[in-house]
Amino acid sequence: MSKKLRVRFAPSPTGALHIGGVRTALYNYLLAHKLGGTFILRIEDTDQTRFVEGAENYILDSLKWLGIMPDEGIGVGGPHEPYRQSERKELYKVYADELINSGKAYYAFDTSEELDAMRAIYESKGSAFQYNALTRVKLKNSLSMSEQEISDLIASGMPYVIRLKVPAKAEIRFQDSIRDWVHVHTSSIDDKVLMKSDGMPTYHLANVVDDHIMEITHVIRGEEWLPSAPLHILLYQAFGWQPPQFAHLPLLLKPEGNGKLSKRDADLGGFPVFPLEWKDPQTGTISKGFKQEGYLPSAMINFLAFLGWNPGTEQELFSLDELISAFSLERINKAGAKFDVNKAKWFNEQYLKLQDVSTLAVQYLPDLPKKEAESFVHLFLDRITFPQELGEKVKEFTELPTIYEEAVVLNKWNEESQKGLQVLKESLPDLELWEADSIKSFIHVKLEEAGIKMGKVMQMLRVALSGNGAGPDLMISMELWGKEQVLLRLTHAIDAFNKR
RNA sequence: GGUCCGUUCGUCUAGGGGUUAGGACACGUCCCUUUCACGGAUGAAACACGGGUUCGAUUCCCGUACGGACUACCA
């Protein structure tokens, strides 16, 4: 009998949640729901210096917006409360002491300055300093000092950290769901700090302890954690615990050039990297959010799911439920994926077209009569990427044109089109039924009577009425403008063209 | 520098010892539409390089190159 699947998303509240973190959360959510497991949200706030006010709520709001809320943890509670590591501080101390007592960890009294100095010396010799089996005997710690010295130091209030005593010669190996076997020799791992001098655990300790206590079965996290995974394995071994199954996700890379996606790329490329708009409480700087830009949650989910994973079929559009049933860790890619905002836009267009017309009308054109608003939605829906463009389109549509597309006027304003517009200006007032189809046949008839080819006039008519050479269906547009408005626009335009 | 991870069209990717190397985005052309957009069709576009193994390698192995991550009392 295998244990019930439990996964966790464990961000730090150091600012807005990055889109890569959102994808990590998504994959955790998908796996949990696929296998009937539990998706846990834990906050890793062991670095008090980097804590940012509001970040935790931001994370929750983001997950809520996307519809991938946790089943347990921050915001929902559960059997392992608290889910905020800063509130579990005492717990980690117990486990660190256990390691001290079993000889798997030791106290170290070196100051940051001393260590920095060591690093500088090594660097000047062209090598890198490591706090490990080779160097620890020469440094200030409980392995190099007598028991008396140690207890005196601790009693005197000398700050200390607790470090893991990494074995000198051992091969660490573990099987990653995405990368298969990963081997690392302990000689390349240093004696990482487990407890900081402020009494807080480091990520490594807190993470392993919590994952064990919370009975996490699968750790799905970003590839940036791959190098420290062997250390975590060592920690599990030191405690005598069974490590969870690891899956290290490929990174999200910047769209152009090299490197991982950063906020700077977003500013440069004019797209967001955060799910929601974020105002930095310290600097007051506001960063764009996908939500505010007009991305739909369904589009974001679909887009993000496909950045590093695919179902192996040719289906591209997946609802969250479809993703849940199609998802598997085995189909996650190894290589990093460049973030392509064009693809994100395409997904948004696809999902926008699937939206309910009357809902869009109410939401984005609230000042218009419902029926009219819905007509506008129909008119513009497949010409926009973001729903809020609806308002801009309608505004542009409703305003009288003041400039006329020059290239078209230059090409198409001639004797024949002039005569055609004149004919329409004079005859259109007679049209009783002001509706797209009848407008169309009326124009057809009137022009034919005057011996003018429709094709010679239509584009000029469009420019005359809208100012643009291209746009939505002209007959429907005329219906929406109304007879009076059309005649007004026509008169204005003919005057303007004649003055040229 | 060291350690680890990776590399199929511009981008996201499918595939996998013998394939016309497939799809999607973006781009071009055509059709639809008296415009544009949508939609449809179509085109251009890829196995990083060098060695093995093999009858045969893009696929397996090894190197090289390139890219990435990590290398804090940050996560």
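In what follows, chains are A, B, ... by sequence order, proteins preceding strands, each numbered from 1. Because the structure is predicted, anything quoted here is derived from the model rather than measured.
- Within the 4.0 angstrom heavy-atom criterion, no nucleotide atom of any strand lies near A/His185.
- Evaluation of the side chain to side chain donor-acceptor pair (under 3.5 Å) test over residues 7-16 of chain A, restricted to residues two or more places apart or in two chains, returns A/Arg8-A/Asp211.
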Can you give me the N/O atom pairs linking the protein to nucleotides 20-22 of chain B at distances under 3.5 Å, or say none if there are none?
from	atom 1	to	atom 2	distance (Å)
B/rG22	O2'	A/Glu314	OE2	3.0

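- Taking atom C1' on both nucleotides, B/rG22 is separated from B/rG16 by 12 Å, rounded to a whole Å.
- No engagement by A/Gly222 is indicated, since no non-hydrogen atom pair under 4.0 Å with the nucleic acid exists.
- In this entry B/rC55 has B/rG18 as its Watson-Crick or G-U wobble partner, both defining distances falling under 3.5 Å.
- Nearest to the side chain of A/Lys353, among B/rC38, B/rA26, B/rC5, sits B/rC38.
- With P as the reference atom, B/rU11 and B/rA46 are 12 Å apart, rounded to whole Å.
- For the pair A/Arg136 and A/Tyr131, the cation-pi test (distance below 6.0 Å, angle within 45°) is failed.
- With sequence neighbours excluded, the residues that form a side-chain hydrogen bond (donor to acceptor under 3.5 Å, both in side chains) with A/Arg84 are A/Glu56, A/Glu87.
- Closest to the side chain of A/Val182, out of B/rG6, B/rC4, B/rA24, is B/rC4.
- For the segment residues 463-473 of chain A, residues with any heavy atom less than 4.0 angstrom from an atom of RNA chain B are, sorted by number, A/Gly469, A/Ala470, A/Gly471, A/Pro472, A/Asp473.
- Distance, A/Asp340 CG to B/rU11 C1': 5 Å, rounded to whole Å.
- Using the six-membered ring where Trp is involved, A/Phe497 and A/Trp413 have ring planes that are tilted, between 30° and 60° apart.
- Summarising the geometry, the separation between CG on A/Leu251 and P on B/rU7 is reported as 14 Å, rounded to the nearest angstrom.
- On the P atoms, B/rC49 is 28 Å away from B/rC25, given to the nearest whole Å.
- In summary, A/Asp47 and A/Arg50 engage in a salt bridge, as defined by a charged side-chain N under 4.0 Å from a carboxylate O.
- For the pair A/Lys254 NZ and B/rC12 C1', the computed distance is 19 Å after rounding to whole Å.
- A close approach under 4.0 Å does occur between a side-chain nitrogen or oxygen of A/Asn310 and OP1 or OP2 of B/rA14.
- Of the candidate nucleotides B/rU13, B/rU35, B/rC25, B/rU35 has the atom nearest to the side chain of A/Arg462.
- Map A/Gln459 and A/Leu253 each onto its nearest nucleotide of RNA chain B; the residue landing nearer the 5' end is A/Gln459.
- Using a 4.0 Å heavy-atom distance criterion, A/Lys440 is classed as a sugar-phosphate-only contact.
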Footprint string (nucleotides 70-75 of chain B, 5' to 3'): B base within contact, S backbone only, - free, heavy atoms under 4.0 Å: S-SBBB
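- Separating the C1' atom of B/rC60 from that of B/rU42 is a span of 37 Å, rounded to the nearest Å.
- Ionic pairing of A/Lys192 and A/Asp190 is present here: one or more N-O contacts between side-chain nitrogen and carboxylate oxygen are shorter than 4.0 angstrom.
- Between the C1' atom of B/rA37 and the CG atom of A/Leu352 lies a distance of 13 Å, rounded to the nearest Å.
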Salt bridge (charged side-chain N to carboxylate O under 4.0 Å, His left out) between A/Asp210 and A/Arg88, intermediate numbers included: CA-CA 9 Å; A/Asp210 281 346; A/Arg88 303 167 65 80; 2.8 Å; yes
Protein-nucleotides 60-63 of chain B N/O pairs closer than 3.5 Å?
none

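- Closest to the A/Ala335 side chain, of the nucleotides B/rU35, B/rG23, B/rG6, is B/rG6.
- Base engagement by A/Lys343 is indicated by at least one non-hydrogen atom pair under 4.0 Å involving a base atom.
- Separating the CH2 atom of A/Trp309 from the C1' atom of B/rA24 is a distance of 14 Å, rounded to the nearest angstrom.
- Of the candidates B/rU3, B/rU11, B/rU13, the closest approach to any side-chain atom of A/Ser188 belongs to B/rU3.
- At least one test fails for A/Arg331 against the ring of A/Trp309: distance under 6.0 Å to the centre or angle within 45° of the axis.
- Between A/Asn333 and B/rG6 there is no side-chain polar atom (N or O) within less than 4.0 angstrom of OP1 or OP2.
- Environment of CG in A/Leu410: crowded, with over 12 heavy atoms of neighbouring residues, nucleotides or ligands closer than 6.0 Å.
- Between B/rU58 and B/rU8, the distance separating the two C1' atoms is 8 Å to the nearest Å.
- In this structure a side-chain-to-backbone donor-acceptor pair under 3.5 Å is missing from A/Asn333 to A/Ala335.
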